[in-house]
Amino acid sequence: MSLANSRRPSLAAPGSKRGEQRSNFELYSWLFMRISGIVLVFLVLGHLFIMNILDGGVQRINFAFVAGRWASPFWQIWDLTMLWLAMLHGTNGLRTIINDYAERDQTRFWMKMLLYVSSGFIILLGTLVLFTFDPNIG
Amino acid sequence: MAIAPVGTLYRGREGMWSWVAHRITGISVFFFLYVHVMDTALVRVSPEAYDLVIATYKTPIVALLEVGLVGAVLYHALNGLRIIAVDFWAQGPRYQRQMLWGIVGLWLLVMVPGAYFMMMHTAEALFGSTP
Ligand code: HEM
């Protein structure tokens with residue numbers, strides 16, 4: 001796999017001593033993209049269908065609509081799972097893309113740092129909103 | 001490595017373009033997700049702040065962009081399932097091209113009525129109920 005699809009970080013320089021410390025990270029990441037993808041088919045396409053096509057579509061969405069949905073644990077768990085899976089899937093996908101195109105070690109490192117920090121922020125923000133939502137805030 | 005074919009870097013054809021489209025849709029949807037989590041977070045500020053920002057989603061031009069978003073997610077999802085089939089199904093690599101045309105057909109089959117309903121909701125909000 002690493003030969004056919006070599007990503008730069010897994011290409012050890014000739015004679016480097018890091019050759020011994022191999023991990024299965026890229027294999028698990030590859031598997032995660034596929035498993036999360038299958039789950040996201042239902043969560044994301046279901047979400048888009050409900051929000052954009054069913055009933056009045058996006059035209060009917062407002063604060064009261066959100067409050068009504070999040071009154072149910074079913075939609076809370078749906079949205080929380082979707083948030084985490086989509087963010088981890090997308091972040092991991094972007095990690096691959098950065099590895100593909102950023103050639104300098106420094107560039108690659110800092111682009112991935114920026115990616116992880118901003119994704120961490122978004123996951124935290126979304127999770128916090130779901131857990132602390134208050135329908136009577138107004 | 002074999003000698004590169006004259007005039008082109010990649011073998012190209014459907015396989016390459018389906019990959020290019022998968023990558024572009026993946027990136028676009030991911031960046032939209034950043035924005036979308038942030039606009040939804042406004043429910044923690046006030047109902048007014050949330051409703052104000054959501055109102056932009058209801059304008060005709062943004063509604064058109066939403067059709068594009070749904071189309072991008074749908075392509076990425078269907079092609080993702082095709083990639084999974086190529087990886088795990090023994091006959092997957094042999095039928096990868098047929099599967100691509102299959103998902104393109106399915107995409108059209110969903111997007112035509114999908115886009116119609118989405119634009120219908122927008123038109124009804126603009127001009128009042130239509131038949
Ligand atoms: C709806 C169901 C989805 C399915 C079935 C799916 C499936 C896949 C698969 C199989 C891959 C390829 C991974 C690889 O080649 O190793 C992939 C890549 C990717 N996905 Fe998804 N995905 C879905 C949703 C999403 C969503 C919602 C996002 C955005 C948040 C996203 C962003 C990405 C990105 C950025 C990549 C990397 C593309 C690349 O490496 O060229 N995907 N997806």
Side-chain angles (χ1 to χ4, degrees), chain A residues 30-31 33-38 40-45 47-49 51-67 70 79 82-83 86-87 89-94 96-97 100-101 115 118-119 121-130 132-138, chain B residues 22-24 26-38 40-52 54-59 62-63 66-67 69-71 73-74 76-81 83-85 87-88 110 113-126:
Chain A
W30 178 89
L31 203 60
M33 289 309 272
R34 278 138 188 85
I35 294 169
S36 58
I38 291 172
L40 284 170
V41 168
F42 298 98
L43 295 181
V44 174
L45 293 185
H47 178 81
L48 288 177
F49 180 73
M51 295 302 177
N52 292 284
I53 296 176
L54 214 61
D55 298 328
V58 76
Q59 301 295 335
R60 77 198 191 296
I61 296 177
N62 57 25
F63 183 87
F65 180 84
V66 177
W70 283 350
D79 286 356
M82 183 167 64
L83 170 74
M87 281 303 297
H89 178 106
T91 303
N92 195 229
L94 240 80
T96 302
I97 294 171
D100 277 354
Y101 298 123
L115 172 70
S118 27
S119 289
F121 170 76
I122 295 291
I123 294 177
L124 205 71
L125 177 69
T127 306
L128 225 61
V129 167
L130 267 162
T132 68
F133 179 70
D134 173 10
N136 303 312
I137 190 174
Chain B
H22 195 79
R23 185 157 270 196
I24 292 173
I27 298 171
S28 325
V29 173
F30 181 64
F31 285 139
F32 168 74
L33 183 54
Y34 270 29
V35 175
H36 184 43
V37 171
M38 289 192 282
T40 305
L42 289 172
V43 295
R44 288 299 292 127
V45 177
S46 74
E48 292 75 26
Y50 180 76
D51 289 351
L52 190 72
I54 289 306
T56 56
Y57 281 102
K58 305 181 186 183
T59 59
V62 181
E66 283 152 29
V67 175
L69 175 75
V70 171
V73 173
L74 185 62
H76 189 95
L78 293 174
N79 190 56
L81 292 176
I83 295 173
I84 295 169
D87 287 342
F88 289 104
V110 176
Y116 171 79
F117 282 116
M118 289 176 72
M119 292 326 288
M120 209 57 184
H121 299 321
T122 313
E124 280 172 8
L126 274 180

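The chains referred to below are lettered A, B, ... by the order of the sequence lines, with proteins before strands, and numbering in each begins at 1. Quantities reported herein were computed from a predicted structural model and do not represent experimental measurements.
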Asks: Relative to chain A, which segment of B:Leu42 carries a heavy atom at a distance below 4.5 Å: side chain, backbone, both, or neither?
Replies: neither

Asks: At their closest point, which heavy atom of B:Arg23 faces which heavy atom of A:Asp100, and how far apart are they?
Replies: NH2-OD2, 2.6 Å

Asks: My understanding is that only residues two or more places apart in sequence, or in another chain, count here; which of them pass side-chain hydrogen bond (donor to acceptor under 3.5 Å, both in side chains) with A:Thr132?
Replies: B:Arg44

Asks: What is the minimum heavy-atom distance between B:Lys58 and A:Ile61, and which atoms define it?
Replies: NZ-O, 2.8 Å

Asks: Among B:Met120, B:His121, B:Met118, which one satisfies side-chain contact (heavy atoms from CB on, under 4.5 Å) with A:Gln59?
Replies: B:His121

Asks: Can you list everything that forms a side-chain contact (heavy atoms from CB on, under 4.5 Å) with A:Ile122? Sequence neighbours excluded, please.
Replies: A:Met87, B:Tyr34, B:Val37, B:Met38

Asks: Less than 4.5 Å to any heavy atom of chain B: does that hold for the side chain of A:Leu31, its backbone, both, or neither?
Replies: side chain

Asks: Is A:Leu48 in contact with chain B via its backbone, its side chain, both, or neither, using a 4.5 Å heavy-atom distance?
Replies: side chain

Asks: On the 0 to 90° scale, with breaks at 30° and 60°, tag the A:Trp30-B:Phe88 ring pair as parallel, tilted or perpendicular.
Replies: tilted

Asks: With a 4.5 angstrom heavy-atom cut-off, is it the side chain or the backbone of B:Tyr57 that approaches chain A, or both, or neither?
Replies: both

Asks: Less than 4.5 Å to any heavy atom of chain B: does that hold for the side chain of A:Val44, its backbone, both, or neither?
Replies: side chain

Asks: Could you look at B:Val67 and say if it's the side chain, the backbone, both or neither that has a heavy atom under 4.5 Å from chain A?
Replies: neither

Asks: Please report the shortest heavy-atom distance between B:Val45 and A:Ile137, naming the atom on each side.
Replies: O-CD1, 3.5 Å

Asks: With only heavy atoms counted, which part of A:Leu94 is less than 4.5 Å from chain B, the side chain, the backbone, both or neither?
Replies: side chain

